[in-house]
Number of protein chains: 2
Amino acid sequence: MALQENVRTHIDCGDCPIRHRAVCARCESDELKLLEEMKYYRTYEAGQTVIWSGDKMDFVASVVEGIATLTQTMEDGRTQMVGLLLPSDFVGRPGRDQAAYDVTATTRLTMCCFRKKPFEDMMMNTPHIGQRLLEMTLDELDAAREWMLLLGRKTAREKIASLLAIIARRDATLKLSNSRGQVVFDLPLTREAMADYLGLTLETVSRQISALKRDGVIELEGKRHVTVPDMERLLDETGDDTDGGVFA
Amino acid sequence: MALQENVRTHIDCGDCPIRHRAVCARCESDELKLLEEMKYYRTYEAGQTVIWSGDKMDFVASVVEGIATLTQTMEDGRTQMVGLLLPSDFVGRPGRDQAAYDVTATTRLTMCCFRKKPFEDMMMNTPHIGQRLLEMTLDELDAAREWMLLLGRKTAREKIASLLAIIARRDATLKLSNSRGQVVFDLPLTREAMADYLGLTLETVSRQISALKRDGVIELEGKRHVTVPDMERLLDETGDDTDGGVFA
DNA sequence: TGTCTCACTTGATTTCGATCAAAGTTGTGA
DNA sequence: TCACAACTTTGATCGAAATCAAGTGAGACA
């Protein structure tokens, strides 16, 4: 999940085709080698389900490329996204062998996987990895709680602005803005997926995006390509504190 | 936070006047002794703030008695509770020295505290404690995500029923029901605190509690004392799956 | 080239919960 | 015993987002 700037939810997987920090800078190289030997890749098509809630899940994984969602569903079909997995995010829970959520690829998705048993064994022998995982989990918890404030108290417009700001921020750290210093990105989610994330309906998402466009807060090219002419302006719409928050 | 049956968010603190499991059953006794030497107690009155978001926080703690809330507040005063601390719950984050949320006592509250630095040192030397903390944090994350579904997708009535079910379940594990096998408990929160937890207004909370009472789902004695004549009936109102969920 | 589908937009109407307002209840302390 | 403060309930009205209902537009494929 990527609701904050300082998300560090990733596991090193050696030569994965993305640049990411190591599990722990202090790890010896033979530990990294162990990780290297354990890993394997899986690829999913857009729309494909990685795993269903309740299924046996005998691996943990790190997103290499693409985007996946974690969702919970009620019997009557109401669904709520509870996490968004972007490249370098981690999924899976040591000590539990059932998936707690539906995991779905929303774009073509490559994950770097580790079978759970040997991964857990290594965690036992390598305290750094466990500590790293704790740090990552605490970041996720903060992100989840930030999202609780959004779901419980923000207006539809604030919710959309917050989501756009998060995607923009996350994206900007990769390929920084365009030539005029504007932040530019493609929405990686359908209107429906956004609605499920924000606790809204897809119609409301559509209307609010149109409203932000009409008010000049964002520019839209096609349905997915977004330009933010003034990031400050967008941040004002989120309802959040202007400063970076308490996250050090 | 206590949204599930299997919450294990607590740290052993020796002779605290509550029965609770050890940090880790495998810990040697001299580790427990270390914990014992490090700990100290603090007590707060109902309504008192334990710590403000952003404040320096140089301790971690476990609730011994009473109830505390974790809340986030927007500049304009909208507030969302993001966690409820019941006896045996843990608060504080190793590796961060600022509080991320306001922590407030809603009843008279006793906490068993450990100064952060020595606690972290011990964590380094005692992998079990770190692993225990990871487990606890993952439980909290699950609880937070369960709450996201509630905030994003449930109706006011379902929200109230869910909160009552959680308190009933948690309470029932301590002092099991009354003579007729009904679940009986006292609401530990004001209507306003419930509203902040559920993303509602206090008026809506009041109305929905009245409605559940009118419909015979609960009985009320005074404003706080609740009797649940038929737990199944209450669970039906929550919108959740009837089975225990995926949490093993 | 057309048509089918999927994602999205927009409009009309409804509804649930928020807001505004006024009482009722309980406990505390003078 | 009274007064008042804090908490709660209930009523009337409003409004934001949901729902219901047509649409548009773009890509896929026959």
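Computed from a predicted structure; not experimentally measured. Excluded from the calculations below are hydrogen atoms, water molecules and symmetry mates; all remaining heavy atoms, backbone and side chain alike, are included. Letters go in sequence order (proteins before strands), and every chain restarts at 1.
A straight line from NZ of B:K159 to P of C:dC16 spans 14 Å, rounded to a whole angstrom. In this structure, CG of B:L220 is placed 11 Å from C1' of D:dT9, rounded to the nearest angstrom. The nearest whole Å value for the distance from the CG atom in B:L200 to the C1' atom in C:dT19 is 14 Å. To the nearest angstrom, P of D:dA18 lies 11 Å from CG of A:D196. Between B:L151 atom CG and C:dG17 atom P there is a gap of 13 Å when expressed in whole angstrom units. One can place NE2 of A:H225 at 19 Å from C1' of D:dG25, the figure rounded to the nearest angstrom. The CZ atom of B:R78 sits 13 Å away from the P atom of D:dA16 (whole-angstrom rounding). With rounding to whole Å, B:D186 atom CG is found 15 Å from C:dT26 atom C1'.
In this structure, OG1 on A:T227 lies 13.0 Å from CG on A:D230, to the nearest 0.5 angstrom. Rounding to the nearest 0.5 Å gives a distance of 4.5 Å between OG1 of B:T71 and CG of B:D102. Note that CE of B:M194 is 7.0 Å distant from CD1 of B:I167, once rounded to the nearest 0.5 Å.
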Under 3.5 Å, N/O pairs linking protein and nucleotides 6-8 of chain D:
from  : atom 1 : to     : atom 2 : distance (Å)
D:dT8 : OP1    : B:R224 : NE     : 3.1
D:dT8 : OP2    : B:R191 : N      : 2.9

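Between A:T204 and D:dA18 there is a side-chain polar atom (N or O) within less than 4.0 angstrom of OP1 or OP2.
Among the nucleotides C:dA21, D:dA17, D:dA21, the one closest to the side chain of A:E203 is D:dA21.
Using a 4.0 Å cut-off between charged nitrogen and carboxylate oxygen, A:E219 and A:K213 do not count as a salt-bridge pair.
Looking at B:V103 and B:M57, their side chains never come closer than 4.5 Å, going by heavy atoms from C-beta outward. Within the 4.5 Å cutoff, side-chain heavy atoms of B:M111 are placed close to those of B:F59. In this structure the side chain of A:E237 never reaches within 4.5 angstrom of the side chain of A:E158, judged on heavy atoms.
B:G199 comes within 4.0 angstrom of the backbone, heavy atoms only, and of no base.
A:T106 is linked by a side chain to side chain donor-acceptor pair (under 3.5 Å) to nothing, counting only residues two or more places apart in sequence or in another chain.
Sequence order on DNA chain D of the closest nucleotides to B:V205 and B:R153 puts B:V205 first from the 5' end.
Of the candidates B:K154, B:Q208, B:R207, B:I160 forms a side-chain contact (heavy atoms from CB on, under 4.5 Å) with just one, namely B:Q208.
Less than 4.0 Å separates DNA chain D from at least one heavy atom of each of the following residues of residues 207-218 of chain B: B:R207, B:S210.
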